[in-house]
Amino acid sequence: MKTYRVKEMDGEAVVAVHSAEAKTPFEAAEKALGQKITLRAGADKWVRVVDLTERPRPVRLRPAIFEFKAIGHRK
């Protein structure tokens, strides 16, 4: 399992931050929010998922960042 930081965003402002362990960024976002997600597609309210897993990477590369949006209702 990898460790992810999941940020709930409103535009470019961070509304809430969660941590989740999951196999994929998609799964991490669903675990943290407790609802289904899909790709962001330009939504104003969205979710940023950052892979925090330690691994050797060239210095010029940033951590892997993924963008999604929530759909449906919280569980």
Side-chain angles (χ1 to χ4, degrees):
M1 293 259 194
K2 293 183 177 183
T3 303
Y4 296 93
R5 179 176 298 127
V6 180
K7 296 180 181 180
E8 293 182 52
M9 308 290 290
D10 187 357
E12 291 301 313
V14 177
V15 177
V17 179
H18 311 275
S19 181
E21 288 190 5
K23 292 180 182 177
T24 65
F26 193 88
E27 184 182 304
E30 285 190 341
K31 275 185 172 180
L33 271 58
Q35 61 189 121
K36 296 289 184 187
I37 59 150
T38 189
L39 297 176
R40 179 181 176 193
D44 289 334
K45 294 190 184 224
W46 57 289
V47 181
R48 176 184 291 151
V49 180
V50 180
D51 184 349
L52 299 178
T53 305
E54 296 288 331
R55 64 176 179 255
R57 303 183 68 130
V59 175
R60 69 183 185 283
L61 295 178
R62 300 185 314 170
I65 298 174
F66 307 90
E67 298 179 356
F68 304 105
K69 67 178 179 179
I71 56 175
H73 301 286
R74 291 187 186 263
K75 296 177 185 175

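- Grouping Ile, Leu, Val, Met, Phe, Trp and Tyr residues whose side-chain heavy atoms lie under 4.5 Å apart, directly or via other members, leaves Met1 alone, with no other cluster members.
- Nearest heavy atom pair, residue Ala20 against residue Val6, reads CB-CG2, 4.5 Å.
- A salt bridge (charged side-chain N to carboxylate O under 4.0 Å, His left out) check over residues 15-28, counting only residues at least two apart or in different chains, returns the pairs Glu27-Lys31.
- Members clustered with Val15: none, using a 4.5 Å side-chain heavy-atom cutoff among hydrophobic residues.
- Connection of Val47 to Leu39 is established within a shared hydrophobic cluster, with ILVMFWY side chains joined at heavy-atom distances below 4.5 Å, either directly or through further cluster members.
- Here the side chains of Gln35 and Ile71 are not in contact, with every heavy-atom distance at 4.5 Å or above.
- Applying the ring-ring contact (aromatic ring centres under 6.0 Å, His included) test to residues at least two apart or on different chains, the pairs with a partner in residues 23-51 are Phe26-Phe68.
- In the hydrophobic clustering of ILVMFWY residues, with side-chain heavy atoms under 4.5 Å counting as a link, Val50 and Val17 come out apart.
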Margin query: For a side chain to side chain contact (heavy atoms under 4.5 Å, CB included) check, start with the C-alpha distance between Met9 and Val14, then their side-chain angles and the critical distance, and finish with the verdict.
Written below: CA-CA 5 Å; Met9 308 290 290; Val14 177; 3.6 Å; yes
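- Between Pro25 and Asp51 the shortest side-chain heavy-atom distance does not fall below 4.5 Å.
- Between Lys36 and Glu30 there is a side-chain heavy-atom pair separated by less than 4.5 Å.
- Between Ile37 and Ala70, the closest heavy-atom pair is CG2-CA, 4.1 Å.
- For the side chain to side chain donor-acceptor pair (under 3.5 Å) test, residues two or more places apart in sequence or in another chain that qualify with Glu67 are Arg40.
- Residues passing the ring pair (Phe, Tyr, Trp, His ring centres under 6.0 Å) test with Tyr4: none are found, sequence neighbours excluded.
- Put simply, NZ on Lys2 and OG1 on Thr24 are 9.0 Å apart, with the number rounded to the nearest 0.5 Å.
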